[in-house]
Amino acid sequence: TGYSFAGWSDTPTSSTASYTNSQSVSNLTAIKDDSVTLYAVWTANTYTVTFANGGGTGTMENQSFTHDVASALNTNAFSKTGYIFAGWKEGTTTYVNGESISATANMTLTAQWTPISYSVKFDANGGTGNLANQAFIYNVAQNLTTNTFSRTGYTFAGWNTAANGTGTSRADGTSVSNLTAIKDGIVTLYA
């Protein structure tokens, strides 16, 4: 199993065949009534591991494995905006980046991705009050926390990514997603 027949050899430890299968031979010995033993020569099969990006971007070369010889998987070269690489998967079997495996067949390993988490920090921008940071997961939309800040003589008009209001505006309680693709990033919204 895992090997291909490569022919026959007249020595038991040879990795090179002296004769092919079904080769016509004669005069293998000159001794009367002697017998000649031929030993099977086996070549380990090679398998190809193909890497699929799992919705990410980039390219990776296929990797060759020899039957029953452990080798480290190539390091992931794919990327996916807003996600971190979480390993490889084939069927129900998972592998970590660079894990040493022994391949016994051709395989396609698909990249697995975990969305990053980030938070939104609310800045009163001259107002008063407290409003806790809000946690987000990339690619999951949710409504912004309703404003609880106040400012004497002013009416709250919404949120902006710039303190002077020249950035991107967001209405109070509006649904948002993907405000940053940086893991554990903090996005500040100013009243």
Side-chain angles (χ1 to χ4, degrees), residues 47-65 70-103 105-191:
Y47 307 109
T48 299
V49 172
T50 303
F51 299 95
N53 64 24
T57 58
T59 59
M60 285 186 67
E61 295 291 324
N62 294 343
Q63 187 174 359
S64 182
F65 282 81
S71 294
L73 289 169
N74 288 340
T75 302
N76 172 54
F78 298 129
S79 61
K80 186 174 181 180
T81 301
Y83 291 80
I84 55 173
F85 178 70
W88 303 103
K89 188 170 186 179
E90 183 191 48
T92 58
T93 306
T94 58
Y95 304 93
V96 298
N97 207 20
E99 180 176 342
S100 183
I101 68 166
S102 295
N106 292 332
M107 303 168 66
T108 297
L109 299 183
T110 303
Q112 304 299 296
W113 303 99
T114 301
I116 59 123
S117 57
Y118 64 94
S119 59
V120 170
K121 176 183 178 181
F122 299 97
D123 188 303
N125 199 19
T128 59
N130 292 307
L131 191 54
N133 289 0
Q134 185 177 1
F136 282 83
I137 295 174
Y138 195 84
N139 240 9
V140 177
Q142 63 179 339
N143 295 339
L144 288 171
T145 301
T146 303
N147 173 53
T148 59
F149 294 135
S150 62
R151 185 173 178 186
T152 303
Y154 289 81
T155 301
F156 178 71
W159 302 104
N160 198 281
T161 55
N164 64 5
T166 60
T168 303
S169 294
R170 308 280 183 185
D172 195 25
T174 193
S175 178
V176 297
S177 64
N178 303 346
L179 298 179
T180 183
I182 299 171
K183 182 181 184 299
D184 299 325
I186 297 174
V187 177
T188 301
L189 294 181
Y190 299 88

* Under 3.5 Å, is there a donor-acceptor pair between the side chain of D172 and the main chain of N147? -> yes

* **More than 12 heavy atoms of other groups within 6.0 Å of I84 CD1** => yes

* Asked: Is any side-chain heavy atom of Q112 less than 4.5 Å from a side-chain heavy atom of T94?
  -> no

* Centroid separation Y118 to F136 less than 6.0 Å -> yes

* Would you indicate whether I101, at its atom CD1, is surrounded by more than 12 heavy atoms from other residues, nucleotides or ligands within a distance under 6.0 Å? => yes

* What distance do L109 atom CG and Y95 atom OH have between them, rounded to the nearest 0.5 Å? -> 6.5 Å

* Do L179 and R170 come close enough that some side-chain heavy atom pair is under 4.5 Å? -> yes

* State the CZ-CE distance between F65 and M107, to the nearest 0.5 angstrom. => 7.5 Å

* Between CG on residue L144 and OG on residue S175, distance to nearest 0.5 Å -> 8.0 Å

* Asked: Between atom OG1 of T75 and atom CD of E99, what is the distance when rounded to the nearest 0.5 Å?
  -> 12.5 Å

* **N130 atom CG, neighbour heavy-atom count above 12 within 6.0 Å** => no

* Least distance between heavy atoms, T81 atom then A181 atom -> CG2-CB, 3.7 Å

* Compute the ring centroids of W113 and F78, then answer whether they are less than 6.0 Å apart. => no

* Minimal non-hydrogen separation, N125 against A191, with atom names -> ND2-O, 2.9 Å

* Asked: Would a 4.5 Å heavy-atom cut-off, applied to side chains only, mark V140 and S177 as touching?
  -> no

* Answer yes or no: is there a side-chain heavy-atom contact under 4.5 Å between L189 and N160? => no

* Asked: Do side-chain atoms of Q63 reach the backbone of A72 as a donor and acceptor pair under 3.5 angstrom?
  -> yes

* Asked: Is it true that a side-chain atom of N106 and a backbone atom of T48 form a donor plus acceptor pair closer than 3.5 Å?
  -> yes

* So do the side chains of N53 and M60 get within less than 4.5 Å of each other, counting heavy atoms only? -> no

* Looking only at heavy atoms, what is the nearest atom pair of G167 and A162, with distance? -> N-CB, 3.5 Å

* To do: Write out all pairs satisfying ring-ring contact (aromatic ring centres under 6.0 Å, His included) with one or both partners inside residues 157-191, taking only residues at least two apart or from two chains.
  => F122-W159, F156-W159

* Could you tell me whether a side-chain N or O of E90 sits under 3.5 Å from a main-chain N or O of T108, the two making a donor and an acceptor? => yes

* Pairs involving residues 133-143, ordered by first then second residue, that meet side chain to side chain donor-acceptor pair (under 3.5 Å) (sequence neighbours left out) -> Y83-N139, Q134-T145, N139-N178

* To do: Taking T161 for its side chain and T168 for its backbone only, find out whether a donor-acceptor pair lies under 3.5 Å.
  => yes

* Asked: Between W88 and L73, what is the shortest heavy-atom contact and its length?
  -> CD1-CD1, 4.1 Å

